[in-house]
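This report concerns only the one structure given below.
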Amino acid sequence: MMFFILVVTGYFLLPYRFRWGLLLASSYYFYGSWNSKYLILIIISTLIDYFAGIMMGNEEKKEKRKKYLYLSLASNLGMLFVFKYFNFFIGNVNSIFNYIKLDFTAPGLRLLLPVGISFYTFQTLSYTFDVYRGTREAEKHLGIFATYVAFFPQLVAGPIESSTNLLPQFRKKTDFDYIRMTEGLKLMVWGLFKKVVVADRTALIVDRIYNDVNSFEGLTLLIASVFFGFQIYCDFSGYSDIAIGSAKVMGFDLIENFKTPYYSKSISEFWRRWHISLGKWFKDYLYISLGGNRVSKVKFYRNLMIVFLVSGLWHGASWNFVIWGALHGIYIVVDIYTKANRKQFYEKIKLTKFPTLMKFIHVGCTFSLVTFSWIFFRANTLKDALYVITHTFSSMESYTTFNGIYQALDALNAGKIGFIITLLSIGIMEIFHLRSRSKKISDVLKKRPLYLRWGVYYSLMLWIIMFGVFEGASEFIYFQF
């Protein structure tokens with residue numbers, strides 16, 4: 001917090017032309033405080049893509065720009081492969097050798113995965129793609145470009161910003177604005193609530209179960225799986241809110257990364273509301289490059305599967321993540337393929353006459369499918385994921401008796417009070433979500449009396465202080481990506 005206050009104070013005290021320097025130094029200090037040695041990776045990526053952008057800008061023909069685009073792709077994806085995927089690749093090669101009984105074991109690398117490498121490599125790649133396609137001119141100011149790559153509010157876990165949105169904002173003259181500052185701070189508080197109250201409280205339960213899945217079954221596993229859905233949403237969207245809010249205080253507008261995704265009526269809609277910046281990146285730079293939907297149906301479905309398989313791998317070097325991505329790809333392909341038939345079926349059974357019920361069913365089915373896929377995302381191993389799937393409904397007694405519910409709570413080791421606080425916190429969040437689906441909650445509160453607005457703000461801060469998990473709180477989940 002002190003770091004942020006000092007940076008914001010210095011930012012508005014400095015003349016416009018020097019502000020990028022403060023932001024760049026602050027961003028490098030922010031990242032270097034984790035591990036200063038890995039700053040070299042950001043600097044190398046920045047210099048290569050800056051050079052590639054300048055050289056592409058000097059070439060009028062698209063064909064001549066390709067070699068510089070390939071240089072950017074090779075350097076950024078090469079770093080990702082070495083630090084994130086090399087050991088996964090070697091592990092699978094060794095498994096094949098072992099299966100065919102070859103007496104050979106390829107050595108792995110002992111490397112620490114750099115925090116946020118998947119985020120900042122994708123952000124700088126978006127710049128080289130944009131320059132290659134001619135949708136923006138090459139940035140000639142190295143310092144401003146370096147600040148765009150390393151901008152500290154969203155450096156380690158997004159949102160992944162496009163060069164067309166964020167880069168021009170470093171040249172914008174911004175004066176201190178009290179209203180903008182308060183809106184940014186409110187968003188940061190909301191993000192903090194989601195992180196330390198909801199995400200970290202559910203983590204106490206989820207980690208207890210998923211780190212020892214073989215000791216549990218039935219309702220206990222179901223509760224842990226549902227809670228993980230809330231944990232990962234509040235953890236990641238909480239970080240995004242803090243990042244967007246802190247940038248807003250300084251006058252920067254970052255892309256909205258979440259729009260109440262668990263109220264989606266289909267998986268396609270879910271991905272328009274979940275991790276929006278990553279979805280946009282894959283759509284703009286992978287899906288469209290593959291041909292998008294302007295191809296045959298078979299190739300269209302293929303393109304969707306490729307995007308989601310790559311998305312799974314982007315999240316982590318594990319078959320669990322590949323399966324998670326594949327599941328979402330299958331969900332969407334089936335959703336599109338059966339859309340017309342489902343519509344006919346709904347009309348046949350007269351369900352279309354009850355739009356609220358129909359919406360409720362669609363939201364419930366979507367949430368269930370997403371929750372099922374989260375099992376693979378959270379499980380420590382593929383074996384653990386299969387255990388959860390096969391044992392969630394193996395003990396039906398826990399679903400049909402109060403005794404079973406009490407046993408589940410005891411097994412969760414959360415205590416009744418802690419469990420009730422967790423449910424209440426989720427309930428508070430959902431009340432805000434329901435009120436902010438059509439418009440932002442801040443806009444809703446603006447129309448309310450002053451005492452009510454500040455009553456809500458202070459109540460939220462009091463809830464954070466009283467029930468937030470500060471001691472032993474888990475780090476943001478997406479730091480590992």
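This one's a predicted model, so the numbers in the text were calculated from it and none came from an experiment. Count residues from 1 along the sequence.
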d(Leu41 CG, Leu80 CG) to nearest 0.5 Å is 10.0 Å
Indicate yes or no for a side-chain donor-acceptor contact from Glu217 to the backbone of His391 under 3.5 Å, with no hydrogens or angles considered. no
Sorted by chain and residue number, the side-chain hydrogen bond (donor to acceptor under 3.5 Å, both in side chains) partners of Ser289 (sequence neighbours excluded) come out as Arg133
Nearest heavy-atom approach of Ser277 to Pro159 is OG-CA, 3.6 Å
Q | Within-4.5 Å side-chain heavy-atom neighbours: Leu23 and Phe170 | A | yes
In this structure, OG of Ser27 is separated from OH of Tyr148 (nearest 0.5 Å) by 13.5 Å
Heavy atoms of Ala379 and Asn320 approach each other most closely as O-ND2, 3.1 Å
Are the side chain of Thr128 and the backbone N or O of Leu125 linked by a donor-acceptor pair below 3.5 Å?
yes
* Asked: Taking the six-membered ring for Trp, is the centroid-to-centroid distance between Phe151 and Phe252 below 6.0 Å?
  -> yes
| query | So do Phe270 and Leu369 actually touch side chain to side chain, heavy atoms under 4.5 Å? | reply | no
With no hydrogens and no angle check, is any side-chain donor or acceptor of Asp235 less than 3.5 Å from a backbone partner on Lys195?
no
In terms of heavy-atom contacts, Asp253 and Gln169 come closest through N-OE1, 2.7 Å
Is the ring centre of Tyr127 less than 6.0 Å from the ring centre of Phe145?
yes
Distance alone, cut at 3.5 Å: any donor-acceptor contact between the side chains of Lys84 and Ser118? yes
query: Are the side chain of Glu161 and the backbone N or O of Gln123 linked by a donor-acceptor pair below 3.5 Å?
result: no
- Query: Is Tyr120 reaching over with its side chain to a backbone N or O of Thr46, donor-acceptor style, under 3.5 angstrom?
  - Reply: no
Heavy-atom neighbours of Lys172 NZ exceed 12 at 6.0 Å:
yes
When you measure from the side chain of Tyr262 to the backbone of Tyr233, do you find a donor-acceptor pair of N or O atoms at a distance under 3.5 Å?
no
Checklist entry - Can Phe372 and Tyr331 be said to form a side-chain contact (heavy atoms from CB on, under 4.5 Å), step by step? => result CA-CA 11 Å; Phe372 177 79; Tyr331 289 161; 3.5 Å; yes
Rounding to 0.5 Å, atoms CD1 (Ile428) and CG (Leu424) come to a distance of 6.5 Å
Correct closest heavy-atom pair for Arg302 and Leu290 would be NH2-O, 3.7 Å
For Thr121, does its backbone N or O pair with a side-chain atom of Thr124 as donor and acceptor, under 3.5 Å? no
Rounding to 0.5 Å, atoms CG (Leu222) and OG1 (Thr392) come to a distance of 6.5 Å
- [ ] Could you verify whether a donor N or O on one side chain and an acceptor N or O on the other, from Trp281 and Ser126, lie under 3.5 Å apart?
- [x] no
For Ser162 and Thr164, which I'm curious about, is there any donor-acceptor pair between the side chains at under 3.5 Å?
yes
- N/O donor-acceptor pair under 3.5 Å between Asn293 side chain and Phe300 backbone: no
Exercise for the section: Verify the ring-centre separation between Phe321 and Phe376: is it less than 6.0 angstrom? Expected result: no
Taken to the nearest 0.5 Å, the spacing of Thr422 OG1 from Phe227 CZ works out to 6.0 Å
Exercise. So, does Ser246 use its side chain to make a donor-acceptor pair with the main chain of Pro153 at under 3.5 Å?
Worked result: no
Less than 4.0 angstrom from a charged side-chain N to a carboxylate O is my criterion; do Asp207 and Arg378 meet it? yes
*asked:* Can you see whether Ser225 engages Tyr210 through a side-chain donor-acceptor pair at a distance of less than 3.5 angstrom?
replied: yes
Hits for salt bridge (charged side-chain N to carboxylate O under 4.0 Å, His left out) against Arg180, two or more places apart or cross-chain, chain-then-number order -> none
Check: Do Trp271 and His328 have side-chain atoms, one donor and one acceptor, less than 3.5 Å apart?
Finding: yes
Q) Quick check, are the ring centers of Phe282 and Tyr287 under 6.0 angstrom apart? A) no
Nearest heavy-atom contact between Leu187 and Asp241 is CG-O, 3.5 Å
Polar side-chain atom of Arg19 near backbone of Thr174 as donor-acceptor pair, under 3.5 Å:
yes
d(Ile465 CD1, Leu192 CG) to nearest 0.5 Å is 9.5 Å
Side chains of Asp130 and Tyr285, donor plus acceptor under 3.5 Å
yes
Sorted by chain and residue number, the ring pair (Phe, Tyr, Trp, His ring centres under 6.0 Å) partners of Phe88 (sequence neighbours excluded) come out as Trp319
